[in-house]
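Note that the structure is predicted; figures quoted are calculated from it, not measured.
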Amino acid sequence: MSFQVLIHKTSDFVSSQEVHNYQSAINQAYTDLAQHTGKGNDFLGWQTLPSATPDSFLTEIEAVAAKIRQNSEILVVIGIGGSYLGAKAVIDALSHHFSASLSAAQRKAPLVVFAGNNICADYHADLFNLLEGKDYSVAVISKSGTTTEPAIAFRLFKQHLESKYGKAGAKERIIAVTDPKSGALRQLATTEGYTTFSIPPDVGGRFSVLTAVGLLPIAAAGFDIRQLMAGAKDMENVGNGDTTIGKNPISTYVAVRNALYKKGRYIEILANYHPRLQYLGEWWKQLYGESEGKEHKGIFPASVNFSCDLHSMGQLIQDGERNIYETVISVAKTKQQINIPNDADNLDKLNFLAGKTLQEVNKMAEKGTLIAHVAGKVPNVLIEIDSITAYSLGQLIYFFEKACAVSGYVLGVNPFDQPGVEAYKTNMYALLGKAGFEELAKEIRAKL
């Protein structure tokens, strides 16, 4: 399994002893997760998804995905937060960089687009414009069916589909991924006869990418969900093995990030050098921000895309306040190789690069940045993978999920709830005139 976590570029900032001091807390966290004795222990189903998901379930996902590919040029995935970020991260990482500009024949799969992750009228109007004259299907993802953003979007798309295909035709193009028994979406799906997949009740949204929540859109986009699960399963086995810091990559990552946090490094920047990985950073930010940010605790998760952001955020990272550290996803190989040509005039003075590959130059940019940032007093953690594949993405997903759970327990918070998310919703409902919120609406308007 080609996967490493290297922390030697943090040794100038935290000692080996400071890192290894977390071994006891990490061992306890593993025990609590395994025995379901820690906080939020009713949401630990994600731990065994890679090993416990039956082959028959993957076959069922693949069959529905094949039907979507046969009858649709576009798949609209409706969801917010964990209901779309994981799928988008994997699809973007595995897709042609310009897949939106390719024809359906060139893609050999539907274009997967997302709705219900915002309430912007222009965004959704543009999406409906994109769908004009095209066959499409909808996957609506919500445990409750009442989350405001996706619920509004599904109202719009359900109406649009029924107008375009008729009620019976629309039914064949709607797939609901929801609670197995209860909730508004489950009730509607049962009444209307939609194809449905269940979200396990013991799996929270931000840990759900390895359920139908992520697997269905990823399979519909034409990617190998079996390899994704295989990578996750191998990392699950690592997580169930020796938990020693320095031997177990999950333990090593948890220990060093908490040691750095204790030394005042309360911002973690996830950096990559490949545009494909931009949305992996977005998924990671939700996973860690929503899991750890409680009780006035938590490392703030940020992300950057190098080398592009070296010409913007790079200045702050190099010379700004020293409250940050970087976790770099380092990719050894790319799918393609492009050589830099010689130029007779050499006006750009770059002939010294002639004959080198873009990946070689990119790797030297990565190494040069690492040296510069560490010299600038920014600790760096390296996560090394061989290449960007479904298998390696499965590894990364499970690695970050398990590390997030362990780290949350080490921090002393419940990594599986999100009480702070409800605050904005209450105010929004009051301002929009929802029954029962009249007094709160008066209080809010007095503050505006």
Side-chain angles (χ1 to χ4, degrees), residues 29 32-33 38-47 49 77-90 92 114 116-119 141-144 146-151 177-179 199-211 213-214 232 250 253-254 257-258 261 265-270 277-304 324-325 327 329 396-428:
D32 287 338
L33 288 168
K39 296 177 180 179
N41 54 61
D42 48 344
F43 283 99
L44 297 180
W46 57 272
Q47 289 191 102
L49 284 173
V77 178
I78 298 175
I80 197 167
S83 295
Y84 93 99
L85 283 168
K88 182 162 177 59
V90 174
D92 279 14
F114 296 86
N117 53 11
N118 62 70
I119 323 176
I141 303 171
S142 174
K143 265 191 176 181
S144 66
T146 58
T147 303
T148 307
E149 295 89 343
V177 183
T178 188
D179 186 272
I199 304 171
D202 57 354
V203 177
R206 57 188 176 276
F207 289 85
S208 67
V209 62
L210 298 178
T211 71
V213 169
I250 295 170
Y253 177 58
V254 170
R257 69 192 302 271
N258 278 279
Y261 179 48
R265 305 287 178 149
Y266 54 83
I267 298 173
E268 180 177 9
I269 300 174
L270 188 71
L277 297 179
Q278 179 176 351
Y279 254 84
L280 183 71
E282 297 302 313
W283 168 80
W284 173 86
K285 284 193 292 188
Q286 188 211 0
L287 179 65
Y288 279 80
E290 201 167 38
S291 297
E292 289 191 327
K294 291 150 196 172
E295 302 174 29
H296 299 172
K297 301 176 184 177
I299 299 169
F300 185 88
S303 62
V304 290
I324 61 177
Y325 67 95
T327 296
I329 299 179
L396 281 167
I397 286 167
Y398 194 88
F399 168 82
F400 280 128
E401 287 182 344
K402 187 76 173 211
C404 182
V406 175
S407 190
Y409 278 178
V410 169
L411 190 62
V413 301
N414 179 353
F416 308 111
D417 66 357
Q418 51 281 335
V421 174
E422 302 304 316
Y424 92 90
K425 295 181 184 178
T426 302
N427 291 340
M428 178 177 69

Can you name the nearest heavy-atom pair linking V203 to G45, along with the distance?
-> CG2-C, 3.7 Å
What one should report as the nearest heavy-atom pair of S83 and V77 is O-CG1, 4.3 Å
Would you say the side chain of T211 lies within less than 4.5 Å of the side chain of P200, judging by non-hydrogen atoms?
-> yes
Any pair counted as salt bridge (charged side-chain N to carboxylate O under 4.0 Å, His left out), so long as it reaches residues 408-417, sequence neighbours left out | K294-D417
Any chance you could measure Q286, atom CD, to C404, atom SG, to the nearest 0.5 Å?
-> 10.0 Å
Could you tell me the separation between the CD1 atom of I80 and the OG1 atom of T148, rounded to the nearest 0.5 Å?
-> 8.5 Å
Q47 (side chain) donor-acceptor with L33 (main chain) under 3.5 angstrom = yes
Would you call the rings of F400 and Y253 parallel, tilted or perpendicular if under 30° counts as parallel and over 60° as perpendicular?
-> perpendicular
Of all residues at least two apart in sequence or in a different chain, which pass the side-chain contact (heavy atoms from CB on, under 4.5 Å) check with N427?
-> L440, I444
Listed by chain and number, what are the side-chain hydrogen bond (donor to acceptor under 3.5 Å, both in side chains) partners of Y288, not counting sequence neighbours?
-> none
Sequence neighbours excluded - salt bridge (charged side-chain N to carboxylate O under 4.0 Å, His left out) pairs with any residue from residues 282-291 = R206-E290, E282-K285
Minimal non-hydrogen separation, G40 against F416, with atom names | O-CD1, 3.5 Å
Rounding to 0.5 Å, atoms CG (L280) and CD1 (I329) come to a distance of 4.5 Å
Y84 meets the side-chain hydrogen bond (donor to acceptor under 3.5 Å, both in side chains) criterion, sequence neighbours left out, with none
Nearest 0.5 Å, what's the CG-CD1 distance between L287 and I397?
-> 10.0 Å
Flag side-chain contact, heavy atom, 4.5 Å: Y325 against I299 | yes
Shortest non-hydrogen contact from S208 toward G82 = OG-O, 3.5 Å
Do side-chain atoms of Y266 reach the backbone of G298 as a donor and acceptor pair under 3.5 angstrom?
-> no
Looking only at heavy atoms, the pair that brings D32 and L44 closest together is O-CD1, 4.5 Å
Between the CG atom in L277 and the CG atom in L270, the distance rounded to the nearest 0.5 Å is 8.5 Å
Which residues pass the salt bridge (charged side-chain N to carboxylate O under 4.0 Å, His left out) test with K88, sequence neighbours left out?
-> D92
State which residues pass side-chain contact (heavy atoms from CB on, under 4.5 Å) with T178; sequence neighbours excluded, sorted by chain then number.
-> L185, R186
Which residues pass the side-chain contact (heavy atoms from CB on, under 4.5 Å) test with K39, sequence neighbours left out?
-> E295, Y409, N414
Exam field: side chain K297 to backbone V413, donor-acceptor pair closer than 3.5 Å | no
For the residue pair N258 and S407, establish whether any side-chain heavy-atom pair is separated by less than 4.5 Å.
-> yes
What residues, two or more places apart in sequence or in another chain, satisfy side-chain hydrogen bond (donor to acceptor under 3.5 Å, both in side chains) together with K143?
-> none
Not counting sequence neighbours, which residues clear side-chain contact (heavy atoms from CB on, under 4.5 Å) with A151? List them please.
-> none
Polar side-chain atom of E268 near backbone of T327 as donor-acceptor pair, under 3.5 Å = no
Of the non-hydrogen atoms in F207 and P415, which two are nearest, and what is the gap between them?
-> CE1-O, 4.1 Å
Quick one: does W283's side chain get under 4.5 Å of V90's, heavy atoms only?
-> no
Starting at CG of N117, measure out to CD1 of I78 and round the result to the nearest 0.5 Å.
-> 10.0 Å
Name all residues meeting the side-chain hydrogen bond (donor to acceptor under 3.5 Å, both in side chains) criterion together with T147; count only those two or more places apart in sequence or in a different chain, and write none if there are none.
-> none
